[in-house]
Participant: 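Attaching a single structure in structure tokens format; questions to follow.
Order of the sequence lines sets the chain letters (A, B, ...), proteins ahead of strands, with each chain counted from 1. All values derive from a computational prediction rather than experimental measurement.
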Protein chains: 2
Amino acid sequence: MRPAPGAKPADPGARTSTESVRPSRRAGLTRGDQLLFLTDAQLRQGVELMFFAYRDMISDADKVLESRGYGRAHHRCLHFVWRRPGMSVTDLLETLAVTKQSLNRVLRQLVEDGLILSAVGAADRRQRLLTLTPEGETLVRTISDAQNARMRRVFMEAGADAVQGFKTVLAGMIDEGGREAVLALVNDQGPS
Amino acid sequence: MRPAPGAKPADPGARTSTESVRPSRRAGLTRGDQLLFLTDAQLRQGVELMFFAYRDMISDADKVLESRGYGRAHHRCLHFVWRRPGMSVTDLLETLAVTKQSLNRVLRQLVEDGLILSAVGAADRRQRLLTLTPEGETLVRTISDAQNARMRRVFMEAGADAVQGFKTVLAGMIDEGGREAVLALVNDQGPS
DNA sequence: CTTGGCCAGTCAACAAGGCTGACATAAAAT
DNA sequence: ATTTTATGTCAGCCTTGTTGACTGGCCAAG
């Protein structure tokens, strides 16, 4: 879904079944470590691959959520509360980058359904510190397992170097303001 | 600040159910080409990075769309019609993986606004073959340019090998049924 | 040739989950 | 005492997903 105007030829690299585009390296711009000759078509491919891969990855979670009557918004809440037990509503708001009204609607449901606990903060009593109930954790883990199956297979097939490149590029795509905080969260082991 | 309605969040996924065990589990499996120690935490990182990177990548397109009063669904239509001029509604439906009713609403708007042309098929008169008007193409290119700026910077910084790995992993994440068709579209130079 | 089945596309109605704005309250900060 | 911060909530709108019912073209069997 995201476009990119095209340019010229490409050279199909080939790695997976059909291919994956090998950036042609030619004498052109040297940029730090690599000689990358980036055509618009190559950039477009990156954007389109993100669209399709993301779309299919999410479908794994959707299947589990569907049976419980929840949507993706519920999953996002559950996931991050699981990753950062005791986080405040504001923390969650910033992580998700949505408005508090949107979040609150979903959060209220999860608390009512007994998947999330909302406790008044000890230090700052205005805050509501969020944690998962055992039932909430069970659901999160069920969804995770479904998604991990896909990731594990792909990572195995692609190999360690490809996985490293994958993570490097994705990290670079995150908005600079806030990238550090996001990467800190992602890299945090958390209480698993 | 973001008009995004049907956004799609990714979902965080994460470990299997090892419960409160520190993720130091490395069942050293060697697998063909690489030594990959895939802990649940590593898989979770992949899923979370997809969520954040996708979210921020899309925001580039959102900014352009916002000013015209369109949403992501409009962009997806315009993009793929641009990539495959003359495609039928059914073709587009399959590419986007949404219901035809959802698509039709958006498509109707774009036709009314003069961004897309809908022509009765010559061979099968039930079909409506879609193409972009010059105005539609202008919009698509504007959005592409915005997204390409991000991708170009990231690809440059990451280097050719990382980009290769990135594309390999994403290709592998696409659902197997239909993966070939998707990769064929992605790799098609089209009439850019 | 007509009729019934199937397929492409359209229209109608509803739900999820984004958004903004206005307000209320409690607690912390000044 | 006043202001700021953290949170919750109501109302209302928009995009975009869904299911169901319907139109009209294509085609093949009777």
Participant: Could you list all the ring-ring contact (aromatic ring centres under 6.0 Å, His included) pairs where at least one residue sits in residues 157-180 of chain A, not counting sequence neighbours?
Facilitator: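 ring-ring contact (aromatic ring centres under 6.0 Å, His included) check on residues 157-180 of chain A returns A:F155-A:F166.
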Participant: Could you tell me whether A:E48 and B:R84 make a salt bridge, using a distance below 4.0 angstrom between a side-chain N and a carboxylate O?
Facilitator: no
Participant: Does B:Q109 have any side-chain hydrogen bond (donor to acceptor under 3.5 Å, both in side chains) partners at least two apart in sequence or in another chain, and if so, which?
Facilitator: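 Applying side-chain hydrogen bond (donor to acceptor under 3.5 Å, both in side chains) to B:Q109 gives B:H74.
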Participant: Start with the C-alpha gap between B:D91 and B:F80, add the side-chain angles, then the distance that decides, and say whether side chain to side chain contact (heavy atoms under 4.5 Å, CB included) holds.
Facilitator: CA-CA 10 Å; B:D91 290 339; B:F80 289 110; over 6 Å; no
Participant: Going by the rule salt bridge (Lys or Arg N to Asp or Glu O under 4.0 Å), which residues pair with B:E94 if we only count those two or more places apart in sequence or in a different chain?
Facilitator: none
Participant: Rounding to an integer number of Å, can you tell me how far A:I58 CD1 sits from D:dG17 C1'?
Facilitator: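 The answer, rounded to whole Å, is 14 Å.
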Participant: Roughly, in whole Å, what's the span from CG in B:L129 to P in D:dG25?
Facilitator: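 One finds 16 Å between P of D:dG25 and CG of B:L129, rounded.
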Participant: Using atom CZ of A:R55 as one end and atom C1' of D:dT16 as the other, report the distance to the nearest whole Å.
Facilitator: 16 Å
Participant: Calculate the interatomic distance between B:L103 atom CG and C:dA12 atom C1'; express it in whole Å.
Facilitator: 17 Å
Participant: How would you label the contact of B:G69 with the nucleic acid (heavy atoms, under 4.0 Å): base, sugar-phosphate, or nothing?
Facilitator: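 Sugar-phosphate contact only - B:G69 comes under 4.0 Å of backbone atoms but never of a base.
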Participant: Can you list everything that forms a side-chain hydrogen bond (donor to acceptor under 3.5 Å, both in side chains) with B:D175? Sequence neighbours excluded, please.
Facilitator: A:R150
Participant: Please state how far atom CD in B:E66 lies from atom C1' in C:dG18, giving the value in whole angstrom units.
Facilitator: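 In whole Å, C:dG18 C1' and B:E66 CD are 13 Å from each other.
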Participant: Quick one: is C:dG9 close enough that its OP1 or OP2 comes under 4.0 Å of any side-chain N or O from B:N104?
Facilitator: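 No, because none of the side-chain N or O atoms of B:N104 sits under 4.0 Å from OP1 or OP2 of C:dG9.
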Participant: Is A:R72 near enough to D:dT16 that one of its side-chain N or O atoms lies under 4.0 angstrom from OP1 or OP2?
Facilitator: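 The answer is no; no side-chain N or O of A:R72 sits under 4.0 Å from OP1 or OP2.
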Participant: Can you figure out which of C:dG17, D:dT18, C:dG9 approaches the side chain of B:S88 most closely?
Facilitator: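 Between C:dG17, D:dT18, C:dG9, the one nearest the side chain of B:S88 would be C:dG9.
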Participant: Go through the structure and list residues passing side-chain hydrogen bond (donor to acceptor under 3.5 Å, both in side chains) with B:T142, not counting sequence neighbours.
Facilitator: none
Participant: May I have the distance from A:Y70 (atom OH) to D:dT18 (atom C1'), rounded to whole angstrom?
Facilitator: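 One finds 20 Å between C1' of D:dT18 and OH of A:Y70, rounded.
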Participant: Measure CG/A:D91 against P/D:dA6 and give the value in whole Å, please.
Facilitator: 10 Å
Participant: Got a donor-acceptor pair under 3.5 Å from the side chain of A:R105 to the base of C:dG18?
Facilitator: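 Flag set: donor-acceptor pair detected.
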Participant: Just to be sure I understand the geometry, which residues of residues 107-128 of chain A put a non-hydrogen atom under 4.0 Å away from DNA chain C?
Facilitator: A:A123, A:D124, A:R125, A:R126
Participant: Produce the list of close N/O pairs, under 3.5 Å, pairing protein atoms with atoms of nucleotides 19-23 of chain D; give distances to one decimal.
Facilitator:
| unit_1 | atom_1 | unit_2 | atom_2 | d |
| --- | --- | --- | --- | --- |
| D:dG20 | O6 | B:Q101 | NE2 | 2.7 |

Participant: A:L93 has an atom CG; how far is it from atom C1' of D:dT9, in whole Å?
Facilitator: 14 Å
Participant: Apply side-chain hydrogen bond (donor to acceptor under 3.5 Å, both in side chains) to B:R105 and list each qualifying residue two or more places apart in sequence or on a separate chain.
Facilitator: none
Participant: For C:dA16 and A:H74 - does any side-chain N or O of the residue sit under 4.0 Å from the phosphate oxygens OP1/OP2?
Facilitator: no
Participant: Among residues two or more places apart or on two chains, list those pairs meeting salt bridge (charged side-chain N to carboxylate O under 4.0 Å, His left out) that have a residue in residues 112-126 of chain A.
Facilitator: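 Every salt bridge (charged side-chain N to carboxylate O under 4.0 Å, His left out) pair that includes a residue of residues 112-126 of chain A, provided the two are not neighbours, is A:D124-A:R126.
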